[in-house]
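One structure is given below, encoded as C-alpha cells.
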Amino acid sequence: MQGQSQRVIEAEHLSFAYGAVPILEDVNLQIEAGEFLGLVGPNAGGKSTLLKLMLGLLTPQQGRIRVLGRPPKQARHRLGYVPQYPSFPRDFPIDVLNVVLMGRLGVGAGLSAVLGTGFGGWRRRDREIARRTLLEVEAGDLESAPIGSLSGGQLQRVLLARALVGEPELLILDEPTANIDQRLEGEIFELLARLNTNLTIVVVSHDIGFISSYVNRVACLNRTLICHQTESIDGEMINTLYGEPVRMITHDHGTDDHEHGQSTGAGAHHARGVTPHG
Amino acid sequence: MAEFLNALSTHAFLQQALIAGLLASIGCGLVGPFVVVKRITFLAGGIAHSVLAGMGAALYYGYDPLTGALAAAVLAALLIGWVRLSWRTGEDTAIGALWAIGMAIGILFVSKTPGYATDLMSFLFGNILLVPARELWFMATLDLVLLLSVALFYRQFVAITFDDEFARLRGVPVELFYLLLLVLVAVTVVLMIQVVGLILVIALLTLPAAVAGQWTRTLAAMMGMAMGIGVLLTSGGLALSYAPDLPTGPTIILLAGALYLISAVSAGFLAKRRARRAVRSMNEHRDG
Ligand SMILES: Nc1ncnc2c1ncn2[C@@H]1O[C@H](COP(=O)(O)OP(=O)(O)OP(=O)(O)O)[C@@H](O)[C@H]1O
Ligand SMILES: [Mg+2]
C-alpha cells in the first residue's frame, strides 16, 4: 500500500461490456492524490460506467483497476459518491438530515464501521457533522424537509452533502450540478476547489468550458480515453470527441473571480456549454 | 360492546386473546413499515403462505405446529431472499411457485393427519380465542427478537430499504441485512398466524403500516403509529366480533380494510384542500 499511496486511481487496459455491447475499451487512467479531474464526453460515452468501475459496483471483464492502492471493493468506504440519478424512491418517509446521516455509515474502523456504534440511533457528533455539511452546500434550511419535497437542485445539494459527511479521500461526482442554478453551481465548485486541498476529486460534467476553470486536468471519454491533458480544451479536440463540429458559447459564469485551476489559454476558458451544431 | 367488556373481566380466554392481539401489534409496527416502504408485500405473502408446509409437517410428525411454522417461515424467507438476490428475471414467478408449493405440501400433510379439518381452518384463518398461555410466551419471545434486531440495526435496515446501492458503498453488507429483514418478516408472520391466520396475515402486516404512512413523515413515526393502529384493530375486531359470534380474524381484517380506505380518501382530500387554501391565501395577500 505504502508505495502506491500517491496513486488514487490506477486503471490499466480496462474494458467493460454490458451483455454483448462493449462500453469501454482499453481505458488507461492514472489519478494522483490531490488532483481535480474533469471527465467529459458525449452521452453514452461510458462516463458513468467508468465511475461505477472505480466504485466497484461493476467489475471489468478485462484489465485492472486499483483505488487507493486496493481493489475497489476494499477501498469504497473511503470514497464519496454522488450518482447521476438518485437511486431511491422519492416517496420514502425520511427527512433530509437522516438521508445525509447515511453517509456516516461505515465511518470508523473494525466492527463498529459495519454495525455502527450506539444503539440504533446516531451520535451527536454525527448529527453535528451532517448539519455543518448541509450548511456548506447551502441546504441548512432543508434539514427537516421530507426528501420527496425537494426540487432537483436541492436534492443534488443534499446528495453532495451525503457524499461529503463520510470524510472521503476521493470524491466521485457524476454530473453533480446538472440541475443546479448558475450562482450555486459556481459556489459548489468553489467549495469543491476548497475541499480539493485535502482530497482528490473526479467530476463528470457536460459543461466543459465551465469546469475547465476549476479542474486541473480534463479526461475525455468516448468508449476509450481520447485525451487527458492539462492544457485547456481547444475546439479541435472537442470535435474529435463529439465527432462533429461543436459550437462553443462564450459567456461568463456568474462571478469570475475564482482563482482555482490551472491558468489556461484563451478560448475555452470562458466558454460555458458546448452545443453540437451542424 | 358492554357485553364484551363484561365478558372480558370474567373470561381468561378473552384476556389472553386481547394480549395476543397486543403482542401481534408489536410486529405490525416494527416490521410492517419496512415491508410497505420496500414494497415487498408479494415476498411477504410468499413467506406467509409457505408456512403451511411447516405447520402441516409438524402436525403430522407430532410437533408443536408453531415451531414448525417458525422453521418453515425462516426457511422460506431465506429461499425467497436467495431467489430475489440471485435471479435477474422471472423472480416473481419463482416466488409465486414457492408460495403455492408450500401450501400444497402443507395441505397434503394436514390431510394425512387425523382430525385435520379444524386445524386447517385455524391455521388458515386464525383463532385468537384459543391462544393458550404457553403460546403467549412464545409470541412474547418473538417480539423480543424483533425488538432487539430492529433496535440494534435500525440504521442499516433504513439504509438498505432506502438506497441499497449507497448502503453497499458505505460498507453495509446489503445481502446479509436483506436476508435478515426477510427473516424478521417470517418471524412477524408466525407472530400473527394465531390472530388472523396465514391467509390474512399479509393484510395485518401491511395495512396498519400503510395507513400510518399516509399520516407520518418519518419511518420511526410510521412504526409507532402502525403499532397503535394494530392495537386498535385487534382489540376492536375482538370486541366487534364477540357479541354476534363472528370469526375474529376476518373481522379484524375487514376493520383494517375499512380504515385503510377511509384513511386513503381523507388523506387525499386533506392534501387537496390544503393546496387550495395555500393558493387562495396567496391571492388574498396579493389583492388585499
Ligand atoms: N445497466 C445497463 N445495462 C445495459 N446497458 C447500459 C447500462 N447502463 C448503461 N448502459 C449503456 O452503456 C453506455 C454508456 O452509458 P453511461 O451511462 O456510462 O454513459 P455516460 O457517458 O454516463 O452518458 P451520459 O452523459 O448520458 O450520462 C450507454 O450506451 C448505455 O446504453
Ligand atoms: Mg452518465
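Letters A, B, ... are given to chains in the order of the sequence lines, protein chains preceding strands, and every chain is numbered from 1.
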statement: Smallest heavy-atom separation, Glu165(B) atom then Tyr81(A) atom, equals OE1-CE2, 3.7 Å

- request: I would like to know whether Asp163(B) and Arg162(A) meet side-chain contact (heavy atoms from CB on, under 4.5 Å); could you show each step before the answer?
  value: CA-CA 12 Å; Asp163(B) 187 347; Arg162(A) 181 179 72 163; 3.1 Å; yes

query: Would you call the rings of Phe162(B) and Phe92(A) parallel, tilted or perpendicular, where under 30° means parallel and over 60° means perpendicular?
result: perpendicular

statement: Interatomic distance, CZ@Arg155(B) vs CG@Leu105(A), rounded to 0.5 Å, equals 6.5 Å

field: Pick from Gly103(A), Gly56(A), Ala163(A) with the largest number of heavy-atom pairs that fall under 4.5 Å of chain B
entry: Gly103(A)

More than 12 heavy atoms from other groups under 6.0 Å of CD on Gln62(A): no

task: Among the options Thr161(B), Thr216(B), Asp164(B), pick out the one with the most heavy-atom pairs lying under 4.5 Å from chain A.
output: Thr161(B)

query: Is it the side chain or the backbone of Arg39(B) that comes within 4.5 Å of chain A heavy atoms, both, or neither?
result: side chain

- prompt: In terms of heavy-atom pairs under 4.5 Å with chain B, which of Arg76(A), Arg104(A), Lys73(A) leads?
  reply: Arg76(A)

query: Looking at Ser87(A), Pro146(A), Pro86(A), which has the largest count of heavy-atom pairs under 4.5 Å with chain B?
result: Ser87(A)

query: Any idea which heavy atoms bring Pro93(A) and Met222(B) closest together, and the distance?
result: CG-SD, 3.9 Å

field: Toward chain B, the part of Leu79(A) with a non-hydrogen atom under 4.5 Å
entry: backbone

- request: Check each of Val37(B), Val158(B), Leu219(B), Thr218(B) against Ile94(A) using the side-chain contact (heavy atoms from CB on, under 4.5 Å) test, and report the only one that passes.
  value: Val158(B)

query: Contact part of Asn98(A) toward chain B, heavy-atom cut-off under 4.5 Å: side chain, backbone, both or neither?
result: neither

